[in-house]
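Each residue takes its place number in the sequence, starting with 1. Every number for a ligand or one of its atoms is a count from 1 in the order of the listing.
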Amino acid sequence: VIESRRRIHAAHLDTIGRLTIAAEYKEEHSAGHIARVGLSAAVLARAAGTSPGEVEMIRHAASMHDVGKIGIPDEVLLKQGRLDDGEMAIMREHTRIGATLLAASDSDVIQMGAKIALYHHEHWDGTGYPHGLAGEKIPREARVCGVVDYFDATTMERPHRPPLSQDWALDSMTEQRGERFDPALLDAFFDCLPEIRQIREEYPVQ
Ligand SMILES: [Fe+2]
Ligand SMILES: [Fe+2]
């Protein structure tokens, strides 16, 4: 029984890996982003006192956060230049699409992935999307992912802008403490920043 459970677990992780590869297929540079966000989310979760078993789940689940981008048309996903309001609304749908793709799974990790996909763009003060949830109503694993995703995404090149510096990203995160970001999680993020930077060295931003 243990052997077959172990195999099913391995099959789940394999499926997750393949799903994320599918999602990153269209977007250049996104393979590194996905790996870094998964690993960084685990580091932050651990620093914030999460149990080891859940840390391991978050590592895999967070790597699925943008899986819904697979459903975003190329002309929006890959557009050079700023998105207009209509295009932005389409882009924001990657949260719901990701959740729909993942939600019906009976794997705990993939169910956590569905929550993270849905809520990783919610803000602590309720100004995020898709539901405008605030504070602890946002699942904690999604808040964890939101912090590390912001740091990684702002410091990498995007179709519409060059990469911003780590100092810029960190200042902007401090400014948004208690607004976009859960204050306790942001403090934990700064505590484990050396480890997060280490991950960036191992999986460099190209
Ligand atoms: Fe996202
Ligand atoms: Fe992301």
Side-chain angles (χ1 to χ4, degrees), residues 16-17 19-45 58-74 76-79 82-83 85 87-103 109-110 112-124 126-133 138-164 166 168-170 172-173 176 180-182 185-186 189 196 199-200 203-206:
I16 291 168
L19 257 174
T20 59
I21 289 167
E24 74 205 20
Y25 199 71
K26 295 198 284 189
E27 250 190 314
E28 235 187 319
H29 309 308
S30 66
H33 173 68
I34 284 158
R36 288 189 304 270
V37 168
L39 292 166
S40 307
V43 164
L44 173 53
I58 289 178
R59 181 161 78 86
H60 295 289
S63 72
M64 295 180 269
H65 71 284
D66 278 336
V67 91
K69 286 190 177 173
I70 202 167
I72 304 300
D74 287 3
V76 175
L77 186 64
L78 306 176
K79 184 181 175 188
R82 283 211 164 271
L83 302 182
D85 288 353
E87 292 163 337
M88 191 67 90
I90 292 170
M91 189 63 143
R92 288 178 167 187
E93 284 301 304
H94 79 277
T95 51
R96 287 188 228 260
I97 296 168
T100 306
L101 272 172
L102 301 170
V109 181
I110 296 179
M112 185 191 273
K115 269 200 225 168
I116 291 180
L118 187 59
Y119 297 122
H120 71 284
H121 288 287
E122 298 288 2
H123 295 180
W124 183 253
T127 60
Y129 64 90
H131 291 307
L133 294 189
I138 308 163
R140 189 157 179 277
E141 54 270 34
R143 280 181 265 141
V144 166
C145 184
V147 172
V148 297
D149 184 37
Y150 181 91
F151 179 65
D152 201 78
T154 50
T155 54
M156 64 190 271
E157 190 183 337
R158 309 293 297 166
H160 62 277
R161 61 151 173 79
L164 301 167
Q166 286 194 24
W168 188 95
L170 296 171
S172 138
M173 290 168 85
Q176 298 180 86
R180 184 177 184 128
F181 302 112
D182 174 343
L185 283 181
L186 194 67
F189 174 82
I196 306 265
I199 292 166
R200 294 176 63 85
Y203 297 83
V205 180
Q206 301 108 355

Margin query: When you measure from the centre of the six-membered ring of Phe151, is the NZ or CZ of Arg36 closer than 6.0 Å and no more than 45° off the axis?
Written below: no
Note to self: For a distance under 2.8 Å, give residue and atom name for each protein N, O or S atom next to the Fe ion (ligand 2).
What the structure shows: His33 NE2, His65 NE2, Asp66 OD2, Asp149 OD1
Check: Is any side-chain N of the basic residue among Arg200 and Asp152 closer than 4.0 Å to the acidic one's carboxylate O?
Finding: yes
Item checked: Close aromatic pair by centroid cut-off 6.0 Å: His131 and His121 -> no
Margin query: For the aromatic rings, using the six-membered ring if either is Trp, is the centroid distance between His94 and His120 under 6.0 Å?
Written below: yes
Checklist line | Results of ring pair (Phe, Tyr, Trp, His ring centres under 6.0 Å) for Phe181 - residues two or more places apart only | finding: Tyr150
Check: Picking from Thr155, Ile196, Thr154, what satisfies side chain to side chain contact (heavy atoms under 4.5 Å, CB included) with Gln166?
Finding: Thr155
